[in-house]
There are 2 protein chains.
Amino acid sequence: MLKKTAVSLIGRIRDSANRLIISELEKHGVEGIVPSHGDILACLYQNGPVTMKDLAEYIHRTKPTVTVLVNKLVELGYVTREKDAGDNRITYINLTEKGVALQPVFNEVSARLNAIIYCGLTETEGENFEKLLENILRRF
Amino acid sequence: MLKKTAVSLIGRIRDSANRLIISELEKHGVEGIVPSHGDILACLYQNGPVTMKDLAEYIHRTKPTVTVLVNKLVELGYVTREKDAGDNRITYINLTEKGVALQPVFNEVSARLNAIIYCGLTETEGENFEKLLENILRRF
DNA sequence: TATTGTAAGTTAGATATCTAACTATTTAAA
DNA sequence: TTTAAATAGTTAGATATCTAACTTACAATA
């Protein structure tokens with residue numbers, strides 16, 4: 001018998017994941033960073049300098065939100081803004097040394113989070129879970 | 001091969017679900033209501049008058065958040081506050097007629113959302129999915 | 001070339017959410 | 001009985017998020 005609790009559970013898992021990320025980062029002495037900031041840093045670790053527009057797409061947030069998030073990361077010294085030489089509308093976001101230095105911490109937090117999510121699942125079950133989530137997302 | 005995308009997908013499904021709820025409610029002429037307001041109304045539909053404290057527990061939000069959410073629902077005319085006669089610290093939240101009248105709309109939106117989530121799953125698969133989500137949540 | 005449109009980014013204003021601090025009331029302990 | 005502790009709820013202040021409107025720069029078309 002279905003309980004129809006999936007939506008609620010998904011919301012609560014997201015909340016729990018966000019809290020865990022914030023508290024793990026604080027344990028490593030990193031303060032003022034929330035998961036969306038982490039998404040931005042993750043994008044920069046993977047792709048190098050990225051425009052505001054591409055950042056917004058990557059982290060699935062609007063451009064004004066990304067402006068606010070990047071402002072914060074600039075204040076905290078993790079990234080810098082840089083105007084594109086050819087097209088003056090475009091701003092590239094770059095990691096600073098401090099930003100680069102954060103990568104091992106992020107990998108650790110990420111591993112801890114994925115351990116909680118995937119723990120107890122076989123490889124196949126994990127793959128099926130991911131496929132199921134992808135299919136759900138596609139139906140919206 | 002695991003992609004380790006589950007956390008990200010869960011976050012995006014939540015965002016999509018929230019957007020769907022808001023847009024479906026607006027289609028029915030209901031404005032200014034977000035999913036957390038819906039959680040409060042759902043609690044009232046199921047349990048009748050409830051205290052602020054119990055509401056907070058039920059919807060997994062803090063008391064100050066519930067205060068804000070209830071303020072909004074009062075402004076919009078869906079609920080009223082009522083002091084407990086015996087213990088003056090306690091406030092009960094009651095549905096108004098307008099609040100009760102919203103129940104069918106909520107049921108419809110809820111059905112639409114669950115159709116998206118559970119569509120394509122057999123009964124057993126749905127149950128396993130719910131169990132999996134419950135287990136993940138328990139591990140945090 | 002001038003005008004019109006499009007694209008990138010920020011600013012403004014609103015809101016849900018949190019933590020911390022506060023008020024008011026009830027309960028417990030001295 | 002008086003004082004201390006616990007409980008219910010709100011207020012204050014901060015922040016991430018959104019939509020709408022704005023600015024600036026480039027592109028296209030007349």
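In what follows, chains are A, B, ... by sequence order, proteins preceding strands, each numbered from 1.
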Provide, to the nearest angstrom, the distance between the [atom1] atom belonging to [X] and the [atom2] atom belonging to [N].
| X | N | atom1 | atom2 | result |
| --- | --- | --- | --- | --- |
| B/Leu55 | D/dG9 | CG | C1' | 12 Å |
| A/Arg19 | C/dT19 | CZ | P | 8 Å |
| A/Ile90 | D/dT23 | CD1 | C1' | 16 Å |
| A/Asn88 | D/dT23 | CG | P | 18 Å |

Ion pair B/Asp15/A/Arg14, N-O distance below 4.0 Å =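 Salt bridge present between B/Asp15 and A/Arg14.
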
Note: B/Glu134-A/Lys3 ion pair, threshold 4.0 Å (strictly below) =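 Between A/Lys3 and B/Glu134 there is a salt bridge, with a charged N closer than 4.0 Å to a carboxylate O.
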
Of the options [options], whose atoms approach the side-chain atoms of [X] most closely?
| X | options | value |
| --- | --- | --- |
| A/Thr67 | C/dT11, C/dT17, D/dT10 | C/dT11 |
| B/Pro64 | C/dG9, D/dG9, C/dC18 | C/dC18 |
| B/Asp87 | C/dT25, C/dT17, D/dA12 | C/dT25 |

ask   = When we call it a touch if two heavy atoms are under 4.0 Å apart, what does B/Val68 touch: a base, just sugar-phosphate, or nothing?
value =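 Answer is base: heavy atoms of B/Val68 come under 4.0 Å of a base.
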
query = Which sits closer to the 5' end of DNA chain D, A/Lys63 or A/His37, going by the nucleotide each is nearest to?
reply =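 It is A/His37, whose closest nucleotide lies nearer the 5' terminus.
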
key: Test applied, side chain to side chain contact (heavy atoms under 4.5 Å, CB included); reference residue, B/Leu44; option that passes from B/Leu73, B/Val100, B/Val50, B/Asp39   =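 One option only clears the test, and that one is B/Val50.
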
ask   = Angle class for the B/Phe129/A/Phe129 ring planes (parallel below 30°, perpendicular above 60°, tilted otherwise)?
value =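 If you compare the ring of B/Phe129 with that of A/Phe129, the planes turn out tilted.
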
key: Any B/Arg89 side-chain N or O less than 4.0 Å from OP1/OP2 of C/dA24   =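 Result: no.
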
